[in-house]
There are 2 protein chains.
Amino acid sequence: MAGRAAEPEVIWARPERTGRGPRPAYTRADIAAAAVRIADAEGLDAVTMRRVAAELGCGTMSLYNYVPRKEDLYELMVDAVAGEHELWEPDGDWRAAMVRVAHQSRALMHRHPWLPRLMSPVYGFSPSSLRYLEHCLACLDPLPAPYGTKLELIAMLNGIVTTYVTNELATAERTRSLPWSQERENAIRIAYLGGRIATGEYPRMAAAFAEDAGPIDLEAVFERAIGRMLDGFEPRP
Amino acid sequence: MAGRAAEPEVIWARPERTGRGPRPAYTRADIAAAAVRIADAEGLDAVTMRRVAAELGCGTMSLYNYVPRKEDLYELMVDAVAGEHELWEPDGDWRAAMVRVAHQSRALMHRHPWLPRLMSPVYGFSPSSLRYLEHCLACLDPLPAPYGTKLELIAMLNGIVTTYVTNELATAERTRSLPWSQERENAIRIAYLGGRIATGEYPRMAAAFAEDAGPIDLEAVFERAIGRMLDGFEPRP
DNA sequence: AACGCACTACGTACGTTGTACGTAACTACG
DNA sequence: CGTAGTTACGTACAACGTACGTAGTGCGTT
């Protein structure tokens with residue numbers, strides 16, 4: 001009897017290797033790397049059990065020896081790329097550290113555009129995620145606040161980063177599997193929006209679009225959002 | 001030739017009724033209401049084309065006369081519940097208005113726990129969404145800032161609300177289709193986390209969990225987050 | 001040394017999904 | 001009045017996650 005799948009289970013709690021039986025042909029890292037490779041190259045929807053198995057060069061059902069459910073494969077992927085976070089020695093400036101963390105996370109999500117979609121329910125229990133969280137807390141040591149507040153700060157930071165990068169990537173990851181281009185879809189949506197605004201039903205939106213602000217600097221928008229958020233945690237004098 | 005599906009299309013741009021042909025048996029509102037009813041009662045994963053058709057009492061493929069792709073069905077759903085937003089006459093206090101909007105959105109998402117999952121790529125082009133956006137801008141009239149900033153504020157507000165409610169609902173909507181209870185899954189995850197922390201590898205997380213803060217008041221956490229965010233947009237003296 | 005059991009590997013098969021396609025009935029416009 | 005465009009819907013297909021059964025393998029125990 002191989003499959004124990006009818007129980008809730010945290011994949012990190014099951015040992016990667018127990019003594020008995022033949023040597024597994026792959027490690028979790030191998031599997032995660034294969035899945036990440038596929039997702040990076042072809043989008044998250046291309047990550048199917050069959051496709052990952054093919055990438056590894058094994059039968060589809062062999063994957064289930066390593067990963068009881070597909071959801072757990074996603075956890076492996078998140079953990080793998082969370083490991084790309086650089087964890088440095090804190091230097092006493094918690095604000096600068098949080099800004100740095102935010103930029104790192106943003107870069108990570110741009111490198112792996114499927115990541116935001118897997119982060120919606122907080123998956124933060126994988127080894128790499130725990131290390132990342134502990135590192136954030138270490139960076140926040142200089143902030144005079146209870147841990148509850150610090151956890152709120154980290155949650156808010158992650159939430160904002162995810163939200164903003166999702167918007168930045170917009171339909172990019174979503175349209176990966178569609179037969180038409182992102183530009184084409186965007187053009188059609190913009191055209192429709194323009195038509196709606198032209199009806200005069202939405203005067204303020206019309207004004208907003210008329211307000212010529214030049215090309216939008218997404219990085220600057222992101223930076224401002226993070227700064228505003230951190231303002232709310234600055235110790236009151 | 002019935003289906004024109006191989007083109008990018010905004011469902012709101014296609015008229016609900018053209019002159020020719022038999023009278024459609026249902027309206028878009030009927031279809032959206034049916035889908036929302038199913039999602040509310042059985043979770044988003046229960047919303048399949050077959051199930052919605054059955055709920056309406058028609059054949060599966062008849063749905064495609066109204067909705068070219070399943071994604072458009074989602075748009076109908078989002079629009080339907082976005083219409084539940086109460087749009088009042090602004091009274092000059094933009095901060096209070098934004099807090100009120102945030103609480104309304106939060107309540108909406110608690111009433112329809114599947115909503116956050118459909119909001120990740122900003123679907124904000126439906127009629128109700130446009131009305132909502134215009135109303136937010138109207139509330140922000142008293143704020144001395146360019147429209148660009150106001151749009152940033154609204155985006156940030158929506159993002160934070162979505163993030164926080166997603167965390168509040170946590171696995172609630174996700175586990176809807178799983179054969180075990182949410183409590184059981186949570187208990188197992190917490191137990192695992194406790195084990196990891198007990199290793200001493202994560203001293204600050206251990207301290208965070210040891211810090212006895214009593215039961216967490218999620219509404220208060222939410223309120224604080226919104227407040228901190230709005231602080232960042234307060235005009236500087 | 002040898003036995004047995006726990007494990008790996010994987011082919012087959014089932015149920016479910018979105019939806020392309022073809023056909024028949026119907027109605028407004030020329 | 002025809003005819004073109006529309007609605008209705010049954011059939012069918014490809015792709016998905018994964019349950020299950022079987023065969024082979026090698027560690028732990030005797």
Side-chain angles (χ1 to χ4, degrees), chain A residues 1-7 9 11 14-28 30-31 35 38-39 42-77 174 176-179, chain B residues 1-7 9 11 14-28 30-31 35 38-39 42-77 174 176-179:
Chain A
M1 189 68 65
R4 307 226 13 60
E7 284 292 309
E9 192 174 355
I11 189 165
R14 88 157 32 178
E16 177 156 8
R17 174 95 176 90
T18 60
R20 294 289 242 283
R23 204 148 242 114
Y26 314 98
T27 65
R28 270 182 199 162
D30 291 335
I31 295 172
I38 295 169
E42 305 165 42
L44 185 59
D45 291 338
V47 177
T48 68
M49 297 303 273
R50 288 168 227 265
R51 183 77 182 72
V52 173
E55 179 84 10
L56 285 169
C58 71
T60 305
M61 294 314 290
S62 307
L63 260 192
Y64 283 90
N65 289 317
Y66 302 87
V67 166
R69 296 173 313 237
K70 189 181 184 187
E71 210 182 59
D72 293 310
L73 178 62
Y74 287 152
E75 288 221 36
L76 289 188
M77 293 172 68
R174 195 167 61 88
R176 198 57 153 291
S177 53
L178 296 182
Chain B
M1 189 68 64
R4 308 227 12 61
E7 284 293 308
E9 192 173 357
I11 189 165
R14 85 155 39 177
E16 178 155 8
R17 175 96 176 90
T18 59
R20 296 287 245 281
R23 232 173 209 92
Y26 314 98
T27 65
R28 269 180 200 166
D30 292 333
I31 295 172
I38 295 169
E42 305 165 43
L44 185 60
D45 291 338
V47 177
T48 67
M49 297 304 272
R50 288 168 228 265
R51 182 77 182 73
V52 172
E55 180 85 9
L56 286 169
C58 71
T60 304
M61 293 315 291
S62 309
L63 262 190
Y64 283 89
N65 288 317
Y66 302 87
V67 166
R69 296 175 313 245
K70 190 180 184 189
E71 209 182 62
D72 293 310
L73 177 62
Y74 287 153
E75 288 221 38
L76 289 188
M77 293 173 67
R174 195 168 60 89
R176 198 56 153 290
S177 52
L178 296 182

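The sequence lines fix the lettering, A, B, ..., with proteins before strands; numbering per chain opens at 1.
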In whole Å, what is the span from the NZ atom of A:K70 to the C1' atom of D:dA19? 17 Å
When the nearest nucleotide of DNA chain C is assigned to B:V47 and to B:G21 on a heavy-atom basis, which residue is associated with the more 5' position? B:V47
Are any of the side-chain heavy atoms of A:L63 and A:L56 separated by less than 4.5 Å? yes
Indicate, with a heavy-atom threshold strictly under 4.0 Å, whether B:A53 touches base, sugar-phosphate, or nothing. nothing
Just checking, is any N or O donor in the side chain of B:T27 or B:D30 under 3.5 Å from an acceptor N or O on the other one? yes
Give A:G59 one of three labels, base, sugar-phosphate or nothing, depending on what nucleic acid heavy atoms sit under 4.0 Å from its own. sugar-phosphate
Starting at CD1 of A:I31 and ending at C1' of C:dT8, how long is that distance when rounded to a whole Å? 12 Å
Distance check needed: D:dA19 C1' versus A:L63 CG, whole Å only. 16 Å
Which part of the nucleic acid, if any, lies within reach of A:Y66 when heavy atoms closer than 4.0 Å are counted: base, sugar-phosphate only, or nothing? sugar-phosphate
Assess whether one donor atom and one acceptor atom, taken from the side chain of A:R50 and the base of D:dG17, lie less than 3.5 Å apart. yes
Between D:dG10 atom C1' and B:Y64 atom OH, what is the distance in whole Å? 15 Å
Using heavy-atom distances to pick each residue's nearest nucleotide on DNA chain D, tell me which of B:P22 and B:C58 is more 5'. B:P22
Please compare B:M49 and B:R23 by the position of their nearest nucleotide in DNA chain C and report the one closer to 5'. B:M49
Roughly how many Å is it from CZ in B:R20 to C1' in C:dA25, rounded to a whole number? 16 Å
Touch check for B:T48, heavy atoms < 4.0 angstrom, all strands: base, sugar-phosphate only, or nothing? sugar-phosphate
Residue B:M61, side-chain heavy atoms: nucleotide from C:dG18, C:dT12, C:dA20 that is nearest: C:dA20
Nearest whole angstrom, please: distance from the P of D:dT18 to the OH of A:Y74. 10 Å
Got a donor-acceptor contact below 3.5 angstrom from the A:E55 side chain to the A:I38 backbone? no
Using only side-chain N and O atoms of A:R51, determine if any of them is under 4.0 Å from OP1 or OP2 of D:dC16. no
Return the value, rounded to whole Å, for the distance between atom CG of B:N65 and atom C1' of D:dG10. 14 Å
Show the nearest heavy-atom pair for residues B:T60 and B:A53, with the distance to one decimal. CA-CB, 3.6 Å
Looking only at side-chain N and O atoms, does A:T60 come under 4.0 Å of OP1 or OP2 in C:dC10? no
Point-to-point distance, once rounded to the nearest 0.5 Å, from CZ of A:R28 to CD1 of A:I11: 5.0 Å
B:E16 CD - D:dT6 C1' separation (whole Å): 15 Å
